[in-house]
Amino acid sequence: MFRSMSPIDRSAYGVTAALLSLAFACTPSSGAAEAPREPGSPASADQGTAEQATAEQPVSLSAKYAQYFPIGAAVDPGSYQTHAALLERHFNSITTENEMKFESLQKTEGVFDYTAADTMVAYARSHGMKVRGHALVWHRQTPDWVFKDGSGAPVSKAGLLSRLKSHIDHVVGHFKGSVYAWDVVNEAIMDDGKYRTANEAEADQRSPWHGILGTSYIAEAFKYAHAADPDAKLFYNEYRNYIPEKRQAVYEMLKQLLADGVPVHGVGLQCHLSIEPSQVQGNHGYYQTVKELETTIELYSSLGLDVQVTELDLSLYVPGIKYTPDQYYTTATFTPELAAKQAARYGEFFELFRKHRSQITGVTFWGIADDNTWLSEFSSGRKDFPLLFDAEHRPKPAFERVTTF
Ligand code: GLA
């Protein structure tokens, strides 16, 4: 999911990202010189399943889940260094938060810049972490030139397909052997189950891919990605898959793609969750229950597809409630009661994920600790506390809950 961002939010995001990349552009990756380990293997000898927590060190999250699925985190050019201690102890997979998106890699036609992404991939490999690639085709964070011809008019179908192919060839080819799974297409279906088109009411919801190519861009993207790296696992990634109409539409789309012989291997459930389901019947969050998510996992895996949780976090804010600034949570109002409630909800979802360990091949958090989360950055001063570690990088009650079983 990508909440509506005001132009101020977006430009603030751009400035933050630019500052971070400047700040870290000259810093070599800490472990880049170490010999790479097999991706997904334990980061250190003491990370085996038998590892015990000590007074100073809690149990390792990824070691605890070693028999279940890899545990990932989205990282940015700053956080993989500022949060290295947590990352290296608790996670064995990463996703670059923005650095493999279209606008990051090919801002100008034909000019590919892999600097930031390469540094993070080298870091991950030297620490034995898997890398998920995110995301090849999306309606956001894609430069305008992609959809225009030389005179500024919409590019032709053939022109856009050739740009799609060229981007995927370059990018998937570049990361071949390092990125084991790609989110090939992100968010092609709306909450009501219809395809996302170029005519959605809100400008930031519109898909120029669909506007020019119709739904054909989806299959083509998967075919191009498979040709570029036949070993990569290719995912369709979507948010709010717990809404019945949307779940069904995604299922129908995937079923058809598979019937047409399109190389799709898995579905990503973003899972930007909240502390409780919404009470408002028309709100998407009304369906945000463990039961609905279980139905989703079962339905998608009935197609023989892998399922991964790709962008997990658990906001304190309940969808459908309008919060005024004086109601925004602060460190002081994120009380132990609230932390316990968040822990219980995290616990229920992880119980579900463990139950479906044979279908779920990865669980990735969208961030590492509460001091660096898109939910605080993008929401006009509204602070959130959605992850397992607090702003001081200490494990929260939610961490205890998901590692106690
Ligand atoms: C969506 C995208 C992610 C990220 C989040 C918000 O979920 O898939 O890449 O941009 O929105 O940060």
Side-chain angles (χ1 to χ4, degrees), residues 1-6 8-17 20-21 72-80 93-105 116-117 120 131-143 171 179 181-191 196 200 202 204-207 209 218 221 234-243 246 250 266-274 284-285 288 293 307-315 317 319 362-380 382-387:
M1 175 187 53
F2 198 104
R3 292 207 179 150
S4 297
M5 269 196 276
S6 70
I8 295 174
D9 285 333
R10 273 193 81 84
S11 65
Y13 157 72
V15 170
T16 313
L20 279 173
S21 27
V75 297
D76 65 41
S79 71
Y80 85 89
S93 175
I94 63 157
T95 302
T96 60
E97 190 170 351
N98 290 295
E99 293 67 23
M100 290 191 195
K101 290 177 180 169
F102 206 126
E103 70 174 10
S104 303
L105 295 180
M120 289 186 267
V131 182
R132 295 194 85 256
H134 173 83
L136 295 170
V137 185
W138 194 24
H139 61 288
R140 292 180 187 267
Q141 294 182 262
T142 306
V171 172
V179 166
W182 279 101
D183 290 331
V184 178
V185 175
N186 197 22
E187 305 182 345
I189 293 192
M190 301 292 289
D191 286 358
R196 180 185 299 280
E200 304 304 332
E202 290 175 53
D204 61 3
Q205 294 293 334
R206 297 176 191 152
S207 171
W209 294 108
I218 301 168
L234 304 182
F235 281 75
Y236 173 72
N237 196 46
E238 188 58 270
Y239 64 106
R240 300 181 186 163
N241 313 61
Y242 43 77
I243 303 173
K246 188 169 193 172
V250 169
V267 199
L269 315 181
Q270 291 188 7
C271 285
H272 294 292
L273 303 172
S274 40
H284 72 87
Q288 204 195 89
L293 203 60
V307 176
Q308 293 198 352
V309 174
T310 53
E311 304 185 19
L312 179 63
D313 44 24
L314 206 150
S315 171
Y317 298 91
V363 172
T364 291
F365 289 83
W366 207 242
I368 303 167
D370 285 348
D371 59 330
N372 186 6
T373 159
W374 72 291
L375 292 168
S376 294
E377 283 168 24
F378 292 171
S379 301
S380 56
R382 198 172 88 157
K383 249 191 171 333
D384 210 339
F385 301 83
L387 296 162

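All ligand and atom numbering here is 1-based and tracks the order in the structure. None of the values given here were measured: they were computed from a predicted structure.
At least one N/O-N/O distance between H134 and ligand 1 falls below 3.5 Å. Considering backbone and side-chain N/O of N98, none are found under 3.5 Å from N/O of ligand 1. Residue contacts with ligand 1: N186 is placed with a nitrogen or oxygen under 3.5 Å of a nitrogen or oxygen of the ligand (distance criterion only).
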Verdict with supporting geometry, K246 and E238, salt bridge (charged side-chain N to carboxylate O under 4.0 Å, His left out): CA-CA 9 Å; K246 188 169 193 172; E238 188 58 270; 3.4 Å; yes
Worked verdict on W209 versus V137 for side chain to side chain contact (heavy atoms under 4.5 Å, CB included): CA-CA 9 Å; W209 294 108; V137 185; 3.7 Å; yes
Side chain to side chain contact (heavy atoms under 4.5 Å, CB included) assessment of L136 paired with V171: CA-CA 8 Å; L136 295 170; V171 172; 3.9 Å; yes
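If you look at Y239 next to ligand 1, there are no close heavy atoms at all, none under 4.0 Å.
Within the 4.0 Å heavy-atom shell around ligand 1 one does not find R140.
The distance from ligand 1 to the heavy atoms of H272 drops below 4.0 Å at these ligand atoms: 7 (O). Atoms of ligand 1 found under 4.0 Å from any heavy atom of E311, numbered from 1 in the order shown, are 1 (C), 2 (C), 3 (C), 5 (C), 7 (O), 8 (O). For ligand 1, the atoms lying closer than 4.0 Å to a non-hydrogen atom of E187 are 1 (C), 7 (O).
Residues forming a ring pair (Phe, Tyr, Trp, His ring centres under 6.0 Å) with Y236 (at least two apart in sequence, or on another chain): none. Under the rule for a side-chain contact (heavy atoms from CB on, under 4.5 Å), the partners of R196 that lie at least two apart in sequence or sit in another chain are H139, E187, M190, E200, Q205, S207, Y239.
Each of S315, S274, S376 was checked for a side-chain hydrogen bond (donor to acceptor under 3.5 Å, both in side chains) with D384, and the lone residue meeting it is S315.
The heavy atom nearest to atom 4 (C) of ligand 1, considering only M100, E97, K101, is found in K101.
In this structure, L293 and L269 have side chains that are in contact, with non-hydrogen atoms separated by less than 4.5 Å.
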